[in-house]
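Scope of the values below: all heavy atoms of this structure, side chains included, with no hydrogens, waters or symmetry mates. On a predicted model such as this, the values are computed, not experimentally measured, just so you know. By convention in this document, chain letters (A, B, ...) are assigned in the order of the sequence lines, proteins followed by strands, and residues within each chain are numbered from 1.
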Amino acid sequence: MSRGMAPVEDQLAALLRGTEFGDEPTRRVMEAELRERLAEGRPLRVYCGYDPTAVDLHLGHTLTMRKLRTFQDLGHEVTFLIGNFTTLVGDPSDADRTRPMLSPEEIEENSRTYVDQAFRILDRERTIVRRNADWLGALSFGDVLRVASHFTVAQFLERDNLARRFERHDPIHISEFLYALMQAYDAVAMETDVQVGGSDQLFNLMAGRVLQREYGQRPQVAITLPLLSGTDGNLKMSKSLGNHIGIDEPPNDLFGKVMSIPDSSLRSYFTLLTDLPDVEVEALLAGAPMEAKKRLALEITAGLHGSSAAEAARGYFESTIQRRETPSEMPEYALDGEAPEGERSLLRVLAASGLAASSAEARRLVAQGAVRVNGERALEAARPLSPGDELRVGPRRFLRVVAGAGRGA
RNA sequence: GCAGGGGUGGGAGAGUGGUUAAUUCCAGCGGACUGUAAAUCCGCCGCCGCAAGGCUACGCAGGUUCGAAUCCUGCCCCCUGCACCA
């Protein structure tokens, strides 16, 4: 593990890529401190905490994981921290709403999903997985008081969203203050050198520094990353906003969704989600947006599914979406060719196969000219189908009717 | 416990007895244009039904009424403040 490490400045450049600190002074301080520690030539203890609240991870979640991976590749010691204790309490720090508290079972379930998905990016062999309930759960109330005594209410009210809510006389729970303390204590408990997090976590990371100093430790270096914008290009990626690209999406969908981001997001996607060198990124951005985006989609897809799957996804995109060709592979639906026509109607098949969510929707789709049978626009919902027919709904939903028993599987 | 506010379709949020399957916005879907970009335009957007039409729906259960998301009764849940908890 202790082979020679890369030159400090090289490491620094890689580690600071894509980072975003609240302000310039903070960035300078963090950069200087990070340089100092890298110069010590030892593996740094790095971690990032994840709240096992959501089950579906999206590309936005991968930013910090990718940063951890960079640390790993440079020979540092990475801990994937599961905030199973914090989640038990509910995290109020983001946005202005309070998240629900989850049951221990749900948290466990989510944690497993998280770790599984995280290993698409992190090196399983070199990742330490820990849970903060192990130490937070062991604190006595007295311990908590001692931790709390190092902070003042004013420090919290410096925060934008808390200040805003205070002004509006909206409720602010004491537990919201404690939440930051818990995160801060994580840093103390693990005696970390570096903590990685989203820029919305900056306050919590800084709280870790405060507390470490109080406990006689050297304050950790905080590395924060911007929030990734969603497919709409404006709002941050989030499942509830419906603008997310899931980590678990099949290659074709992943590739396609990346292709749908606005041009204005290209640069940030490149720097945050790929390892392409800056010069190459600049060259791509100077060229045709379409080509740059395809390269982006290829890189991202390859990162999660491997390069051959990514190439295949590009091929699918180019032929099926761009050239409007019929893909060779498509889901199949078994239909008894001998059944009465009413049983074999386009409408029935659309609804029964799941191409349309309901027959009402199937009717709408047909009426709107969204459905093609063997390449011809079909406007009659009642028309019977036969084995061999190929359906296309909208640009990207396909179905091949095959001979089969009864009403199809 | 007391007081006040609130529970409406994926989300936000209108609507306080009758053209309300329910204004509007967001999201979503489809079509046109295109580069699955942006911008723009048009249409759709509870379920069943080829259709006519039917069914279900505004926290739950009843009631008043020709007619209720809208009025009454009971219940459940959420939020906030106060009190209690010495």
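- Residue contacts shown for G394(A) are limited to sugar-phosphate atoms, with no base heavy atom under 4.0 Å away.
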Please list each protein N or O that sits under 3.5 Å from an N or O in nucleotides 47-49 of chain B, with the distance.
residue	atom	partner	partner atom	Å
C47(B)	OP1	S358(A)	OG	3.1
C47(B)	OP2	R364(A)	NH2	2.7
C48(B)	OP1	S359(A)	N	3.4
C48(B)	OP1	S359(A)	OG	3.3
C48(B)	OP2	S359(A)	N	3.3
C48(B)	OP2	A360(A)	N	2.9
G49(B)	OP2	S359(A)	OG	2.4
G49(B)	N7	R363(A)	NH1	2.9
G49(B)	N7	R363(A)	NH2	3.0

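- If you check the side chains of Q183(A) and D186(A), you find no donor sitting under 3.5 Å from an acceptor.
- Using a 4.0 Å heavy-atom criterion, one finds that R324(A) contacts no nucleic acid atom at all.
- Where V393(A) and P289(A) each meet RNA chain B at their nearest nucleotide, the meeting point lying more 5' is that of V393(A).
- At a cut-off of 3.5 angstrom, the base of G31(B) holds no donor-acceptor pair with the side chain of Q368(A).
- When the nucleotides G30(B), U36(B), G35(B) are ranked by their closest atom to the side chain of S260(A), U36(B) comes out on top.
- S386(A) and D389(A) form no side-chain donor-acceptor contact under 3.5 Å, judged by distance and modelled atom types alone.
- Rounded to an integer number of Å, the gap from CG of L379(A) to P of G43(B) is 18 Å.
- Rounded to whole Å, the distance from CE on M259(A) to P on U34(B) is 17 Å.
- Inter-residue side-chain proximity for E31(A) and L16(A) is flagged as met; some heavy-atom pair is nearer than 4.5 Å.
- Nucleotides G11(B) and G62(B) are separated by 32 Å at their C1' atoms, to the nearest Å.
- Distances shorter than 4.0 Å separate some side-chain N or O of R397(A) from OP1 or OP2 on G30(B).
- As a whole-Å value, the separation of R323(A) CZ from U34(B) P is 18 Å.
- G15(B) and C84(B) have their C1' atoms separated by 40 Å, with the value rounded to a whole Å.
- Using C1' as the reference atom, G59(B) and U8(B) are 10 Å apart when rounded to the nearest Å.
- Between C41(B) and A57(B), the distance separating the two P atoms is 38 Å to the nearest Å.
- The distance from atom CD of E249(A) to atom P of U36(B) is 18 Å, rounded to the nearest whole Å.
- Between R383(A) atom CZ and A51(B) atom P the separation is 17 Å, expressed in whole Å.
- Residue contacts shown for R377(A) are limited to sugar-phosphate atoms, with no base heavy atom under 4.0 Å away.
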### Query
Could you write out RNA chain B as a dot-bracket string, with dots for unpaired bases, | for bases paired across to another strand, and Watson-Crick or G-U pairs counted at under 3.5 Å?
((((((((.[[[..)..(.....]]].(((((.......))))).(((....)))...[[[[[..)....]]]]])))))))....
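- For the residue pair K294(A) / Q322(A), a side-chain donor-acceptor distance below 3.5 Å is found, with atom types taken as modelled.
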### Task
Show your working on side chain to side chain contact (heavy atoms under 4.5 Å, CB included) between F80(A) and I128(A) and close with a plain yes or no.
CA-CA 6 Å; F80(A) 185 94; I128(A) 302 166; over 6 Å; no
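- Of the P atoms belonging to C82(B) and A14(B), the separation is 26 Å, rounded to the nearest Å.
- To the nearest angstrom, P of A27(B) lies 16 Å from CE of M237(A).
- As rounded to the nearest Å, U70(B) and A51(B) have C1' atoms that lie 34 Å from one another.
- Within the structure, every side-chain polar atom (N or O) of Q322(A) is placed at least 4.0 Å from both OP1 and OP2 of G35(B).
- At the heavy-atom level, P395(A) lies under 4.0 Å from the strands shown only through sugar-phosphate atoms.
- Between the CZ atom of R344(A) and the C1' atom of C50(B) there is a distance of 16 Å, given to the nearest Å.
- Distance check on atom C1': G67(B) versus U20(B) gives 13 Å, rounded to whole Å.
- Not a single salt bridge (charged side-chain N to carboxylate O under 4.0 Å, His left out) links R124(A) to another residue, sequence neighbours left out.
- Contacts of I321(A) with the nucleic acid, taken as non-hydrogen atoms under 4.0 Å apart, include base atoms.
- Going from atom CD of E318(A) over to atom P of U34(B) covers 20 Å, rounded to whole Å.
- A salt bridge links R348(A) with E343(A): the distance from a Lys NZ or Arg NE/NH1/NH2 to an Asp or Glu carboxylate oxygen falls below 4.0 Å.
- In the displayed structure, E282(A) atom CD is contacted under 6.0 Å by more than 12 heavy atoms of other residues, nucleotides or ligands.
- Using atom P as the reference point in both A27(B) and A22(B), the two lie 22 Å apart (nearest Å).
- Across all strands, I261(A) comes closer than 4.0 Å only to sugar-phosphate atoms, never to a base (heavy-atom distances).
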### Message
I'd like to know whether T127(A) forms a side-chain hydrogen bond (donor to acceptor under 3.5 Å, both in side chains) with Q72(A), so could you lay out the CA-CA distance, the side-chain angles of the two residues, the decisive distance to 0.1 Å, and finally the verdict.
### Response
CA-CA 8 Å; T127(A) 303; Q72(A) 278 184 330; 2.6 Å; yes
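- Residues H76(A) and Q11(A) have side chains that bring a donor and an acceptor to within less than 3.5 angstrom of each other.
- Using bins of under 30°, 30° to 60° and over 60° for the plane-to-plane angle, the ring pair Y114(A)/Y50(A) lands in the tilted bin.
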